[in-house]
Amino acid sequence: MAKYDITHTCGHSRTVALYGKHNERERKIEWMANQDCPSCWAAKKRESDALKPITATISLLPFPGACGHVPVFQIALTGGTEPRKEEIKSLGYKWGDISGNFMEMLSFSSHQKGWVRKIEWITDDDVAASIVALAPLNPKVVNNIKPWDVALLKKKQAMHESQEAAVSAIPRPERPACYPVGGWNGKIYGGFRIYVDGEEVRLNKADAQAIVAYQTAMAAYQEACVKVREQVA
Ligand SMILES: [Zn+2]
């Protein structure tokens, strides 16, 4: 190991420790002398990034949304976002990993970071409004929605619809009029005592039976719904 003083093209100099063969060190020293120092290099990179146009990439994500079937699309802002950071934040974007679309998820490439907004695609207006809102940033809009994303989504939606159709064909038990209203743990003590919102309520025999029958029927109904969803999936 030896230490060398290097003067960079920006005029700054620094001392670096180098290892390895003599001719490799010489090559490294020559290469570094032809570069700006690391802090000038970073500052120039920030400057040139800030001058780049903002790119808005729109993708359809392979995961369904919170409701299990609503498609989610992602707008990712990259490029010269730094000077417009506050504006971007106020539009609801958060800095983080950019999710890939279906094919990009399969390739294990590391995720790029950027300003991301995920929007549940309930109506086409939601999509259009989010893009219109970007107009002040004058972004280059890139449509990254691929035919297979749409195909996958349609398949998922069709599955969801047939699941819901199968579930709605199962008769739902009717809740008896005597069913407790309020906070109840679902338990009947001694065959007639229940606690609703912390207060003891005494049931007559017929009501207690009706409630138990309903609870049993409800449990069977829920089990049947789960089964039918699994069968259709
Ligand atoms: Zn410098």
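Small disclaimer: the values here were computed from a predicted structure and weren't measured. Start at 1 and go down the list; that is how both ligands and their atoms are numbered. Values reported hereafter were calculated over all heavy atoms of this structure, with side chains retained and with hydrogens, waters and symmetry mates removed.
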Q | Residue pair Trp41 / Lys45, side-chain heavy-atom distance below 4.5 Å | A | yes
Between Thr78 and Gly114, the two heavy atoms sitting closest are CG2-CA, 4.5 Å
Q.
Strictly under 2.8 Å, is the Zn ion (ligand 1) approached by any N, O or S atom of Cys37?
A. yes
Taken in chain and number order and not counting sequence neighbours, the residues that satisfy side-chain contact (heavy atoms from CB on, under 4.5 Å) with Thr15 are Lys3, Asp5
Vertex the Zn ion (ligand 1), ends Cys10/SG and Cys40/SG: angle to nearest 10° comes to 110°
The atom of His12 among N, O or S that is nearest the Zn ion (ligand 1) is ND1
Is any side-chain heavy atom of Asp49 closer than 4.5 Å to one of Lys52?
yes
